Structure formats: C-alpha cells, structure tokens
Amino acid sequence: MFIAMNRFKVLKDSTTDFENVWFNRESYLHELSGFMSFHLLRGPEREDHVLYSSHTMWRSYADFEGWTKSEAFRKAHARAGNNQKPTTLGHPEFEGFHVLQEVTSDGAVRRVGAE
C-alpha cells in the first residue's frame with residue numbers, strides 16, 4: 001500500500017472557502033485502478049493558519065503514479081488555485097509513505113512489503 005498526503009496551511013478566515021472547494025469538486029479517484037480511500041483532514045489551529053491534510057490510500061505506489069499521470073488527475077486539478085482570493089499560505093507540502101504494517105479492527109496484524 002501507498003499513502004499520499006498533502007499538507008495545507010489554510011488562512012484562518014478562509015477555512016470555509018477551502019473546505020467548500022473540496023466538497024464541491026469532482027475527484028475522479030474512484031475511476032482509478034488501485035484507489036482505496038480518500039480523507040480530508042482538519043488539524044490544529046496555529047497563530048496564522050489551520051492545518052489541513054488530504055490523505056489518499058492506494059494499493060501500490062505504481063497505482064498512485066498512474067493517478068498522477070492520468071487524464072482524471074488533470075481534470076481533478078484543473079481548477080486548483082483558480083480562486084481570486086488565496087486560501088492558503090503557499091503551496092501544499094506533499095508527503096508519500098509506503099505502508100509497512102497494518103493492524104485492522106479485528107486485531108489482525110500483517111506486515112506489508114514496501115514496493
């Protein structure tokens with residue numbers, strides 16, 4: 001498995017606008033091979049921003065790479081940054097992780113090989 005995350009430092013007075021962009025957009029993720037799940041996360045509030053993260057799980061790194069090179073990716077990101085008023089402090093910060101271990105709600109523990 002592979003987890004792709006982007007961190008966003010969202011201006012405090014722009015959190016509603018930022019969230020609405022996500023809630024109202026077409027993601028196309030469900031159309032891609034290897035897509036498992038997506039979460040939009042709201043984190044702690046800081047002095048000048050609120051931390052958000054997008055968290056996407058993929059069956060493999062190759063599936064994630066396929067997403068980044070797909071027409072669906074281009075369509076999903078076509079309107080990114082098109083707002084007249086900026087909602088974030090700078091660009092998002094990408095972080096990618098290969099899953100090494102998984103513990104499920106039934107107590108099963110399994111080692112997952114990094115690709």
Side-chain angles (χ1 to χ4, degrees):
M1 279 188 283
F2 185 77
I3 297 175
M5 299 179 73
N6 277 299
R7 291 171 166 254
F8 303 87
K9 293 179 179 178
V10 178
L11 300 167
K12 286 184 174 184
D13 65 348
S14 298
T15 57
T16 300
D17 293 337
F18 179 82
E19 291 175 13
N20 284 336
V21 167
W22 288 89
F23 296 149
N24 295 316
R25 74 182 207 145
E26 282 289 334
S27 76
Y28 306 99
L29 288 167
H30 65 283
E31 298 175 3
L32 277 288
S33 175
F35 169 73
M36 297 173 69
S37 65
F38 170 85
H39 298 94
L40 179 62
L41 311 173
R42 182 179 173 138
E45 186 172 314
R46 303 289 190 223
E47 187 175 317
D48 61 349
H49 69 274
V50 177
L51 184 63
Y52 283 79
S53 182
S54 62
H55 175 276
T56 312
M57 293 185 66
W58 296 91
R59 186 181 57 223
S60 69
Y61 178 73
D63 290 324
F64 167 72
E65 263 192 325
W67 155 245
T68 65
K69 297 174 181 176
S70 71
E71 179 62 26
F73 180 89
R74 284 185 286 287
K75 289 192 305 189
H77 292 87
R79 293 180 31 174
N82 284 352
N83 292 344
Q84 298 296 326
K85 178 180 131 187
T87 59
T88 61
L89 296 173
H91 295 286
E93 181 181 332
F94 175 78
E95 298 173 320
F97 300 90
H98 295 275
V99 177
L100 302 178
Q101 183 185 46
E102 180 180 45
V103 179
T104 57
S105 62
D106 63 1
V109 178
R110 74 180 182 109
R111 186 178 191 143
V112 181
E115 299 123 27

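What you are looking at is a predicted structure, and each value in this text was computed from that prediction instead of being measured.
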If I take atom [atom1] from residue [X] and atom [atom2] from residue [Y], how far apart are they, to the nearest 0.5 angstrom?
| X | Y | atom1 | atom2 | result |
| --- | --- | --- | --- | --- |
| S53 | M5 | OG | CE | 3.5 Å |
| I3 | H39 | CD1 | NE2 | 10.0 Å |
| F73 | E65 | CZ | CD | 12.0 Å |
| N6 | L41 | CG | CG | 11.5 Å |
| K12 | H49 | NZ | NE2 | 9.0 Å |
| L11 | D48 | CG | CG | 8.0 Å |

Parallel, tilted or perpendicular: which describes the rings of F64 and F2, with under 30° parallel and over 60° perpendicular?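 Correct class here is tilted.
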Decide side chain to side chain contact (heavy atoms under 4.5 Å, CB included) for W22 and F8; before the verdict, give the C-alpha distance in whole Å, the side-chain angles of both, and the deciding distance to 0.1 Å. CA-CA 12 Å; W22 288 89; F8 303 87; 3.6 Å; yes
Any side-chain heavy atom of [X] within less than 4.5 Å of one from [Y]?
| X | Y | result |
| --- | --- | --- |
| Q101 | V112 | no |
| S27 | F38 | no |
| E102 | V109 | no |

For a side chain to side chain donor-acceptor pair (under 3.5 Å) check, start with the C-alpha distance between R59 and S33, then their side-chain angles and the critical distance, and finish with the verdict. CA-CA 8 Å; R59 186 181 57 223; S33 175; 3.3 Å; yes
Are L89 and L51 in one and the same hydrophobic cluster, where Ile, Leu, Val, Met, Phe, Trp and Tyr link if side-chain heavy atoms are under 4.5 Å apart?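 Looking at the clustering, L51 is in a separate group from L89.
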Same hydrophobic cluster for F23 and Y28, using side-chain heavy-atom links shorter than 4.5 Å among ILVMFWY?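 F23 and Y28: separate clusters.
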Test of ring centre spacing under 6.0 Å for H98 and Y61: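 Distance test on ring centres: under 6.0 Å, yes.
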Indicate, with yes or no, if the rings of F35 and W67 have centres closer together than 6.0 Å.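 When the ring centroids of F35 and W67 are compared, they turn out to be at least 6.0 Å apart.
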Does a donor on one side chain and an acceptor on the other come within less than 3.5 Å for D63 and S60?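 Present: a donor and an acceptor within the cut-off.
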Carefully, step by step, assess Y52 and T87 under the rule side chain to side chain contact (heavy atoms under 4.5 Å, CB included). CA-CA 12 Å; Y52 283 79; T87 59; over 6 Å; no
Give me each pair satisfying salt bridge (charged side-chain N to carboxylate O under 4.0 Å, His left out) with a member in residues 26-44, each pair once, sequence neighbours excluded.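 Only E19-R42 qualify under salt bridge (charged side-chain N to carboxylate O under 4.0 Å, His left out).
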To check you understand the geometry: which heavy-atom pair defines the closest contact between [X] and [Y], and what is its length?
| X | Y | result |
| --- | --- | --- |
| P86 | S14 | O-OG, 3.8 Å |
| K69 | R74 | O-NH1, 3.4 Å |
| E45 | V50 | CG-CG2, 3.9 Å |

What do the steps show when you test L32 against S70 for side chain to side chain contact (heavy atoms under 4.5 Å, CB included), and what is the final call? CA-CA 9 Å; L32 277 288; S70 71; 4.2 Å; yes
